[in-house]
K.L.:
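The structure follows.
In the text below, chain A, chain B and the rest are named by the order of the sequence lines, each starting its count at 1. Treat the numbers as computed from the prediction; the structure is a model and nothing was measured.
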Amino acid sequence: MPGNPDTTGLPVVSIRGLEKSFGALAVLRGIDLDVARGDVVSIIGSSGSGKTTLLRCINALETYDNGSIQLDGVEVQFRNDEAGRRQRRNEWELARLRAETGMVFQLFYLFPHLTALQNVMLGLRKVRKMEVAEAKSVATDWLSRVGLADKAGSLPSQLSGGQQQRVGIARAAAMGPKVLLLDEITSALDPELVGEVLAVVRKLADDGMTMLMVTHEMAFAREASSRIIFIDAGRVAVEGAPGEVFREQANDRLRSFLARVSHL
Amino acid sequence: MLYHLNFGLIWKNIGKLEWGLLLSLELAVVAIAIGVVIGLGLALIYEQSSRPVRALVSLYVEFIRNVPLLLLVYLVFYGIPTVVDIRYDGVTSFLATLSLYAGAYLVEIFRAGLAAVPRGLTDAGRAIGLTPLQGFIHVRLPTMFRVILPSLSNTFVSLFKDTSVASVLAVPELTYGAQWINFNTFRIVEVYAVVTPMYLIAGYGILGALRLLERRFAVS
């Protein structure tokens, strides 16, 4: 399975005191979060609460101001130079570390000039440096795991939204990431296509893939996650097993958030 | 008025046209190749740079685009050597001019194309661990290429036709060959009746080549 066997017991992702502002707007104000191997953590919260920014910080698409994000004990975005000063890693180091975290986007963002198979193969070839035959076999395997073996030769424009998103998941998962980051992956889909995508996520979870997902699918979060994080005003406001979080609704803001989304 | 068509003199001199077409194509290919390097390079520089640098790029683009090509050709061939101590033949001079000319048009096309690639697509490339160069080659460039292909085809064919301007420097390309036959045989209708389809077919060929290139880009 993806990821290394758990020998250390350390969390895969460990975030401490994460802070991030866009200009005067403080989006993240001290996030602490651990994700253990095999965990499926759902992040919920109103829009603008910093959920997506948090995911983008973890795979270094976004930089942050303070705090730390460690992936298997390695600081993701920064390193200390000879003088012990904190330096942002250069783009090449970041690229190497990004390959260890998979990201699935709300709007899929498949490479439009490549077939489904080639979309999955690109990272395997260019980043994992696999031979064509090996990359092809890994990619084909992943396409069948997301139920799209017969669409290998299709271009993204020939696929439905749900199919595109499943290719997006295969593209990220095939890299064997330590953690898969899912950013509202069903928000752009027609309602009847949501199920097929969630089924794939469910299957990955059952197979032990470590996942951190931002979602508005409360029913799915409740059923598929091992843990729920409610982010409010840039902080983790409530955190716990799905049962407790939804049952106890330990916080006014969470209660009003859940009341609002349940009307959707 | 009676005018008897007589292609005999054209066929006798067809070598002038064949070699002329070949030279036209060579001029176009070299100018396009250099133009693409200038255009893509400046488009990337423009994208990454501060305002003064951008202004310089815009100055170049606007200067070239607002001055007739014929005038630029004269300026480079006759103008520059009178001011600076430098000597070059018609072909070199014209190639330099057409390349700069091509570059100015291509900067604009590449700039628009780069801007049209969604940020999310670039991010998707970064997210699977592509380095900046890999992301550029495997994600931005091909995506941009598909966007700009129509304008690129237009420009390439225009540049091919613009090689006819080289005839004013007595560069023996296709139009010059036609003029030569015209002046020496007075078969004006016949020579242009032959040269026009030659331009037409070659122009179409360039479009076809671009289509092939597109397909090549689509498969990695």
K.L.:
Working to the nearest 0.5 Å, report the span between CD of A:E91 and CG of B:L133.
P.N.:
12.5 Å
K.L.:
Side chain from CB out, backbone as N, CA, C, O: work out which of these in A:R125 comes under 4.5 Å of a heavy atom of chain B, or both, or neither.
P.N.:
neither
K.L.:
Are B:L121 and A:P112 packed together at the side-chain level, in the sense that at least one heavy-atom pair is separated by less than 4.5 angstrom?
P.N.:
yes
K.L.:
Taking OH in B:Y88 as the centre, count heavy atoms belonging to other residues, nucleotides or ligands within less than 6.0 Å. Is the count above 12?
P.N.:
yes
K.L.:
Heavy-atom cut-off 4.5 Å, strictly under: side chain, backbone, both or neither for A:L97 against chain B?
P.N.:
neither
K.L.:
When heavy-atom pairs shorter than 4.5 Å are enumerated against chain B, which of A:E100, A:R128, A:R56 gives the highest number?
P.N.:
A:R56
K.L.:
Measure distances from A:L107 to the heavy atoms of chain B and classify the residue's part below 4.5 Å as side chain, backbone, both or neither.
P.N.:
neither
K.L.:
Which value, rounded to the nearest 0.5 Å, describes the distance between A:R96 atom CZ and B:T131 atom OG1?
P.N.:
11.0 Å
K.L.:
Kindly indicate, with the supporting measurements, whether the criterion side chain to side chain contact (heavy atoms under 4.5 Å, CB included) is fulfilled by B:L130 and A:L122.
P.N.:
CA-CA 9 Å; B:L130 297 181; A:L122 184 62; 4.0 Å; yes
K.L.:
So which atom in B:A124 and which in A:F105 form the shortest heavy-atom distance, rounded to 0.1 Å?
P.N.:
CA-CE1, 3.6 Å
K.L.:
Checking A:H113 side chain against B:M144 main chain: does a donor-acceptor pair fall under 3.5 Å?
P.N.:
no
K.L.:
Between CG of A:N59 and CG of B:D123, what distance do you get to the nearest 0.5 Å?
P.N.:
8.5 Å
K.L.:
Out of curiosity, A:M103 CE to B:R126 CZ, how far, rounded to the nearest 0.5 Å?
P.N.:
10.5 Å
K.L.:
Rounded to the nearest 0.5 Å, what separation is found between the CZ atom of A:R98 and the CD1 atom of B:I128?
P.N.:
11.5 Å
K.L.:
Is any side-chain heavy atom of B:P142 closer than 4.5 Å to one of A:F111?
P.N.:
no
